[in-house]
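Here's the structure, in structure tokens; my notes come after.
What you are looking at is a predicted structure, and each value in this text was computed from that prediction instead of being measured.
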Amino acid sequence: MNNNRSNGLAWVAGMITLFAVLFSMFHLYTSGIREFPAMQQRLVHLTLGLMIVFLVCPFGKRKGEGLPGITDIGITLISMVVGGYLLINSEAIAYRLGNTNRLDIVAGGLLIILVLEGARRVMGWPLPLMAITAIFYALFGDRFPVVIAHGGFDATRIISHFTLTTEGIFGIPLGASATVVVTFIIFTSFLNGMGTGQYFIDAVMSRFGKTRGGAAKAAVVGSALMGTLTGSVIANVMGSGTFTIPLMKENGYSHKTAAAVEAVSSTGGQIMPPVMGAAAYIIAEFLRIPFVMVMKAALIPAFLYYLAEFIFVDLEAVKLRLTGFSEERVAAYREKAKGKGYLILPILMLILLMVALEWSPTKAAFYSIVLAFIIGLIQPENRLNIKRLIEILKSAAINTIEVIMATACAGIIIGSLSLTGLGIQLSTLLINLAGGNLILLLVLTMVVSLILGMGLTTTACYVILAVLVAPSLIKMGIQPLASHFFVFFFGMYSFITPPVALGAYAAASLAGAEPFATGYAAWRIALPAFIVPYIFVYSPALLGFGTAMEVIFAVVTACAGVLFMTVSTVGYFLKSLAGWQRFIMLAAGIMLIIPGHFTDVPGIIMGLVVITTIIWSKRNDINTRNER
């Protein structure tokens, strides 16, 4: 019996490895050697992705747990047949579109079911339920309230629109997943396989380990660097958190604070250039702008995000009177990082190719992968061999399935909106609901983003809001990139916002902390960053738009605002703050972050007054102690 199980496990592992390596090799080939037509590229991407999903996520079991059953293997074969039919007949289907045959509709209908089931297995029910609702809306639009009603469409028209065109499943989000996103995931898998992530941790520990609260500072910087490699909150938490959280606890931070710091750091990785999260590439595709523009626009918001967290852990260290690690301990990290600077060469090459030479992200990532491969072959430690190469390619494919299922399933919702015209109606409805008031519309958008993000990945949340909500913000005169960034950021923030803060809860499990308390602590740490999206809506200078002086002024005042707000949330600056001081510092921070001289001048004055009173009070305390 045990032999049968072992043979079964080996057989399944072999099939998963085969499909996963084929998946990664296909995308490397199409990213750097020969491009495929868009529809064919997306079909292969989705078909192989579905086959991997049904083997890696058996029915009724968690990802990677247990053997797939006969049903799973059967669904895998159906995925291959359906994808193969659509791929082989893609040109013929495009030619006869509008006059589809029965096989086209059967294949399309099966594909919708496969996508819904695949998304359910990878991400749970929230997104598939939204997609099913979208299908019912397209079918029975005449039965909905008058304000959103339409005439309804028959099943043939719906299936054709969703699966045989680029308006549904095979739309822009899956297109970005099939080209740019997957190539960057392969790139980051190579970096992790070379040990770049561990090098980052060792390097930042050697730099910050001796400073007060050094473990937390290293976690902030290290997780930011790790986050730009993974783009996934949970993956980053479970990867770097297993190392940083015990160090922070050892350094003197509480269990919940250590977990919260790691969760906030890992969440910010999605906006950390140059790699960022999957949603960033879809923003570029939606807006038809170079990805470099998205990357540059994220620089200042990402800096402010991590500045707020860095100030928090430093003030918390002063408040708790924490010290750093010993010279011997730090020297050990320095020794481990010594001579490994070459590990960041692929990242530097990526930046050079994209920013200086203006290559496409896919092409730049491909040649950076080639460099990473060469370094892996010749590096003295952790040298690349066939076995490890296969593991890297397999890991990349498995890490991509969440994005594939999110974008494909969200494509069903997008298809329903484009078919019925609801997307245009919703923009008008939202503007009317806000009474034409921009700040109210932004608050509504924030709330919707946070609620949707509770059950969805950032990518899925962003894709849906980009179609439903972002157009209404653009209609109100907001710069398009700022509009899309706004929904993207708040979809991301849902990972650290209770009651369902998945990133914080994952970190809490590693720290042995209470989940809700950790979520609240993470929300407090990131609170100044919650204001940042409002700033770049009103002042695109924070996204790099405007003159050099406008950008510099916006950054300086925003930094001061972040400092004041963080002092308020920690409740400490040289000494513990009174309630009224915390309130004034919070108000001063908000006023400084909001652009404009009418808010900046009072904000500076209020903040300086409180700081002056604190310094004066601290000096009096010292004098009193000396007199005694």
If I compare all heavy atoms of [X] with all of [Y], which pair ends up nearest, and what's the gap?
{"X": "Leu440", "Y": "Leu433", "result": "CD2-O, 4.4 Å"}
{"X": "Pro273", "Y": "Ala302", "result": "CD-CB, 4.2 Å"}
{"X": "Leu608", "Y": "Phe564", "result": "N-CZ, 4.4 Å"}
{"X": "Ser189", "Y": "Asn399", "result": "OG-ND2, 4.1 Å"}
{"X": "Ile245", "Y": "Ala511", "result": "CG2-CB, 3.5 Å"}
{"X": "Thr257", "Y": "Tyr253", "result": "CG2-CD2, 3.9 Å"}

Full working for side-chain contact (heavy atoms from CB on, under 4.5 Å) between Leu127 and Met405: CA-CA 10 Å; Leu127 186 59; Met405 290 300 98; over 6 Å; no
Parallel, tilted or perpendicular, as decided by the 30° and 60° cut-offs, for the rings of Trp523 and Phe530: perpendicular
Aromatic ring pairing Phe286/His484, orientation class (parallel under 30°, perpendicular over 60°, tilted between): tilted
Please check this pair: side chain of [X] against backbone of [Y], looking for a donor-acceptor N/O pair closer than 3.5 Å.
{"X": "Tyr305", "Y": "Val264", "value": "yes"}
{"X": "Lys340", "Y": "Lys336", "value": "yes"}
{"X": "Ser266", "Y": "Ala263", "value": "no"}
{"X": "Asn251", "Y": "Gly214", "value": "yes"}
{"X": "Thr599", "Y": "Met591", "value": "yes"}
{"X": "Arg212", "Y": "Val318", "value": "no"}
{"X": "Gln198", "Y": "Gly195", "value": "no"}

Candidate pair Asp202 and Lys338, rule side-chain contact (heavy atoms from CB on, under 4.5 Å), full reasoning: CA-CA 9 Å; Asp202 293 336; Lys338 187 177 179 181; over 6 Å; no
Heavy atoms from other residues, nucleotides or ligands near NZ of Lys475 exceed 12 (cutoff 6.0 Å): yes
Phe583 atom CZ: more than 12 heavy-atom contacts under 6.0 Å: no
Between [atom1] of [X] and [atom2] of [Y], what distance do you get to the nearest 0.5 Å?
{"X": "Glu309", "Y": "Glu316", "atom1": "CD", "atom2": "CD", "answer": "12.0 Å"}
{"X": "Gln479", "Y": "Phe536", "atom1": "CD", "atom2": "CZ", "answer": "10.5 Å"}
{"X": "Ile464", "Y": "Met130", "atom1": "CD1", "atom2": "CE", "answer": "3.5 Å"}
{"X": "Ile201", "Y": "Ser206", "atom1": "CD1", "atom2": "OG", "answer": "11.0 Å"}
{"X": "Thr267", "Y": "Leu502", "atom1": "OG1", "atom2": "CG", "answer": "9.5 Å"}
{"X": "Ile535", "Y": "Thr557", "atom1": "CD1", "atom2": "OG1", "answer": "8.0 Å"}

Cationic N near anionic O, under 4.0 Å, Glu514 to Lys256: no
Non-hydrogen side-chain atoms of [X] and [Y] separated by less than 4.5 Å:
{"X": "Leu304", "Y": "Leu542", "answer": "yes"}
{"X": "Met446", "Y": "Tyr493", "answer": "no"}
{"X": "Leu592", "Y": "Met606", "answer": "no"}
{"X": "Phe485", "Y": "Ile271", "answer": "no"}
{"X": "Leu247", "Y": "Met205", "answer": "yes"}
{"X": "Leu441", "Y": "Leu473", "answer": "yes"}
{"X": "Val261", "Y": "Ser265", "answer": "yes"}
{"X": "Val294", "Y": "Phe488", "answer": "no"}

When the aromatic ring centroids of [X] and [Y] are compared, is their separation below 6.0 Å?
{"X": "Phe325", "Y": "Tyr333", "result": "no"}
{"X": "Phe486", "Y": "Phe490", "result": "yes"}
{"X": "Phe310", "Y": "Tyr306", "result": "no"}

side-chain contact (heavy atoms from CB on, under 4.5 Å) between Phe553 and Asp600, intermediate numbers included: CA-CA 10 Å; Phe553 185 78; Asp600 290 339; 3.2 Å; yes
Leu442 and Ile478: CA distance, side-chain angles, deciding distance, side-chain contact (heavy atoms from CB on, under 4.5 Å) verdict: CA-CA 11 Å; Leu442 291 173; Ile478 299 173; 4.0 Å; yes
